[in-house]
There are 2 protein chains.
Amino acid sequence: MAKTQITIIDIARELNISPSTVSRALRNHPDISRKTVEIVKECAERLSYKPNEMALNLRLGRNNIIGVIVPEIVHYFFSSIVQGIEETASAEGFNVMLFRSEESYEKELKITESLINARVAGVLASLSKETDRYEHYQQILDNDIKLVFYDRICIGIITDRVVVDDYAGALSAVEHLISTGCRRIAFYSSPLHLEISKNRRNGYLDALRKNSIPVDESLIFVCDTREKAMELTPQVLSLPEPPDSFFAINDHTATGILYAVKKAGLRVPEDISICGFSGGDLALACDPMLTTVEQHGYEVGKTAAKLLIDKIKGITHGQYTNRIIKTKLMVRGTTKTAP
Amino acid sequence: MAKTQITIIDIARELNISPSTVSRALRNHPDISRKTVEIVKECAERLSYKPNEMALNLRLGRNNIIGVIVPEIVHYFFSSIVQGIEETASAEGFNVMLFRSEESYEKELKITESLINARVAGVLASLSKETDRYEHYQQILDNDIKLVFYDRICIGIITDRVVVDDYAGALSAVEHLISTGCRRIAFYSSPLHLEISKNRRNGYLDALRKNSIPVDESLIFVCDTREKAMELTPQVLSLPEPPDSFFAINDHTATGILYAVKKAGLRVPEDISICGFSGGDLALACDPMLTTVEQHGYEVGKTAAKLLIDKIKGITHGQYTNRIIKTKLMVRGTTKTAP
DNA sequence: AATGCTTTTGCAAACGTTTGCACTGGAAAA
DNA sequence: TTTTCCAGTGCAAACGTTTGCAAAAGCATT
């Protein structure tokens with residue numbers, strides 16, 4: 001039990017050969033004779049030798065760790081992304097080190113510091129809501145660590161980026177509402193400084209314009225949680241000219257709307273249509289089931305990880321890629337079928 | 001940009017002192033004079049020196065990495081656990097390396113191999129559904145890596161363990177159903193070889209016995225997904241003596257039941273009561289909102305991480321702890337209020 | 001001026017690998 | 001026989017730290 005760790009030197013001593021030969025034999029270096037390779041491998045197996053990755057990393061000045069910064073872990077979209085990342089990374093021989101920024105700039109700063117100290121091979125990052133300074137990400141690059149942003153990207157830093165097609169997703173959602181007869185479409189958004197808010201808002205606005213529906217600014221609200229939606233929606237419904245439908249920035253908000261609308265005695269989708277944005281099981285638990293824009297977080301994660309690993313391996317060199325992951329409108333029960 | 005990494009030796013050269021002095025100064029070793037410490041720290045800051053953790057780890061023969069094996073990532077309970085782990089770890093200066101076993105023994109084997117090679121300080125593991133051999137976990141211990149099991153524990157290996165109180169959770173859920181007048185309570189369970197199934201089943205059975213309700217085996221089913229529940233439930237409802245309520249092994253299954261019951265034209269909870277097991281947002285999206293047993297995954301994660309870190313730090317020594325995290329029944333709309 | 005004590009610093013080894021280069025011994029070539 | 005060549009192996013340095021021990025420096029006490 002307290003047996004100290006077996007090293008390459010132990011094997012060398014046991015076999016009366018030099019550590020360098022052992023090292024080469026284990027790595028199938030062509031210089032080493034077949035016989036020696038066999039003997040060494042047998043011995044390594046017998047002593048249940050495990051290569052010390054820490055020593056290896058130091059020697060080689062690199063490691064196989066990918067740092068992942070995620071604003072939240074308990075979150076369908078982000079956990080899907082992490083799953084995509086983990087899958088790709090492990091298939092390519094990389095390990096994933098996971099950090100949660102908790103939507104805090106301070107925490108993000110500490111995390112990037114840790115990542116640099118750990119000399120990770122690469123970083124996959126999504127900005128916290130708070131973050132509006134980017135020096136810490138520049139530092140990552142300065143320390144020769146590869147960097148790819150996903151979802152909440154950073155425009156100021158030149159890197160690869162993977163984003164969801166928020167604009168097209170919102171556009172298709174709102175056009176769907178319009179095609180089913182909706183005309184006064186309320187929009188519940190996140191704070192506007194976030195890229196995703198801007199993009200989805202633009203999709204919303206363009207869908208209206210394309211269909212010659214006047215934009216009514218009084219139908220646009222900042223409201224991005226279930227709780228807030230449950231509070232806000234009754235007021236919105238009792239407006240002099242209430243909306244006939246809602247487009248929500250995420251599914252949680254949409255469930256809050258759904259709850260409030262039903263509570264107000266209105267029928268969904270006959271009286272009021274609702275469309276969310278996110279994907280996941282939540283939409284299926286609703287009654288009626290929620291029409292929503294599926295974001296394919298898993299694809300985002302896989303794509304970002306692949307991009308990063310290619311950079312690390314030096315396959316891609318100078319160029320920087322912007323990858324856009326398509327969304328998909330999932331039409332369900334909270335919207336009407338087109339006439 | 002391509003400036004090679006700054007080391008302690010660069011600082012030493014710059015200041016015409018020895019690397020050992022620099023090292024000690026940066027670590028506030030008491031032997032070093034205040035003045036030297038200041039000079040060194042200033043210089044380190046100026047050159048934006050970042051300690052190379054790989055070198056440190058090799059030298060000290062340890063690192064600050066906690067390996068986490070989780071069967072699934074996109075999963076409310078498990079992601080809550082991961083969040084609890086990450087939070088505790090980062091507060092204590094540890095980093096989290098995340099692996100997904102995908103419920104596969106083969107994958108679990110590869111993961112433990114990676115973890116040993118990486119010489120992580122400790123491992124937090126939950127068994128995959130497939131796993132029924134445990135040598136790989138014994139190997140972890142043999143390599144002097146601390147190990148704590150959570151949720152899906154391994155009885156054969158002597159370690160600390162953190163589990164959810166499945167028995168008490170199920171007991172309280174079923175007693176609640178009984179107290180609201182239910183007598184024929186159907187139970188939708190996972191495959192019985194899993195500990196959690198056994199424990200919850202025992203809770204279910206004991207609740208019936210305690211209240212002198214005869215156990216009807218024909219009301220117990222293996223059914224643990226939303227899809228299966230949507231398929232099975234109509235048949236169950238059309239039994240000659242149908243149940244008046246359902247207790248489901250998880251919330252996904254419960255939402256499937258809810259859907260089928262409503263579709264059959266029955267009212268919830270007036271005609272049929274439903275209770276799930278899991279916690280999370282899903283329960284709130286249902287209409288009526290789902291009564292369920294909250295598992296406190298976050299607490300599980302925090303507790304397991306704390307236990308592991310104490311072991312790593314050598315605070316706890318020989319003893320092995322079994323920690324049980326209490327569940328909490330969240331009574332909502334799918335069950336009646338007690339008369 | 002010598003001694004002793006304390007404070008501060010430096011030397012060198014060590015952690016476990018990999019790898020450029022030099023060396024060995026034997027076979028092939030001269 | 002000598003030379004050349006090559007496959008196979010070993011030496012030693014290097015990666016960036018920490019740390020036991022020795023040495024130096026400073027200072028007060030004899």
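Residue numbering restarts at 1 for every chain, and letters A, B, ... go by the order of the sequence lines. The structure presented is a predicted model; accordingly, all values stated were derived computationally and were not measured.
A:Tyr105 pairs by the ring pair (Phe, Tyr, Trp, His ring centres under 6.0 Å) definition with A:His136, not counting sequence neighbours. Residues passing the side chain to side chain contact (heavy atoms under 4.5 Å, CB included) test with B:Lys302 are B:Glu87, B:Thr88, B:Tyr298, sequence neighbours excluded. Under the side chain to side chain donor-acceptor pair (under 3.5 Å) criterion, B:Glu72 pairs with B:Arg100, sequence neighbours left out. By the side chain to side chain donor-acceptor pair (under 3.5 Å) test, A:Ser128 is found to be paired with A:Thr131, residues two or more places apart in sequence or in another chain being considered. In this structure A:Ser18 satisfies the side chain to side chain donor-acceptor pair (under 3.5 Å) test together with A:Ser20, A:Thr21, sequence neighbours excluded. Residues satisfying the side chain to side chain contact (heavy atoms under 4.5 Å, CB included) test with A:Asp10, not counting sequence neighbours, are A:Ile6, A:Thr7, A:Arg13. Residues satisfying the side chain to side chain donor-acceptor pair (under 3.5 Å) test with A:Glu106, not counting sequence neighbours, are none.
Contact check on B:Lys311 versus B:Asp160 returns a salt bridge, with a Lys/Arg side-chain nitrogen under 4.0 Å from an Asp/Glu carboxylate oxygen.
A straight line from CG of B:Asn57 to P of C:dT17 spans 15 Å, rounded to a whole angstrom. A:Ile17 has its CD1 atom 16 Å from the C1' atom of C:dT24, to the nearest Å. For the pair A:Asp31 CG and C:dG20 P, the interatomic distance rounds to 11 Å; values are reported in whole Å. Per the geometry, NE2 belonging to B:His29 stands 12 Å off C1' belonging to D:dC21, to the nearest Å. As rounded to whole Å, 13 Å separates atom C1' of D:dT9 from atom CG of A:Asn16.
Annotation: salt bridge (charged side-chain N to carboxylate O under 4.0 Å, His left out) contacts involving residues 109-122 of chain A, sequence neighbours excluded, comprise A:Glu113-B:Lys50.
Near DNA chain D, meaning a heavy atom under 4.0 Å from it, residues 19-27 of chain A has A:Ser20, A:Thr21, A:Arg24 in order of number. Listed by residue number, the members of residues 34-45 of chain B with any heavy atom below 4.0 angstrom from DNA chain D form an empty set.
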Could you write out each protein N or O paired with an N or O of nucleotides 13-16 of chain C at a distance under 3.5 Å?
| residue | atom | partner | partner atom | Å |
| --- | --- | --- | --- | --- |
| C:dC15 | O2 | B:Arg59 | N | 3.2 |
| C:dG16 | OP1 | A:Gln5 | NE2 | 3.3 |
| C:dG16 | N2 | A:Ala55 | O | 3.4 |

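For the atom pair CZ of B:Arg161 and CG of B:Leu307, the computed distance is 11.5 Å after rounding to the nearest 0.5 Å.
Closest to the side chain of B:Ser18, from the set C:dG10, C:dT9, D:dT9, is C:dG10.
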Distance-only donor-acceptor pairs under 3.5 Å for side chains of residues 151-159 of chain B, two or more places apart:
| residue | atom | partner | partner atom | Å |
| --- | --- | --- | --- | --- |
| B:Arg152 | NH1 | B:Glu103 | OE1 | 3.1 |
| B:Arg152 | NH1 | B:Leu127 | O | 2.7 |
| B:Arg152 | NH2 | B:Glu103 | OE2 | 3.0 |

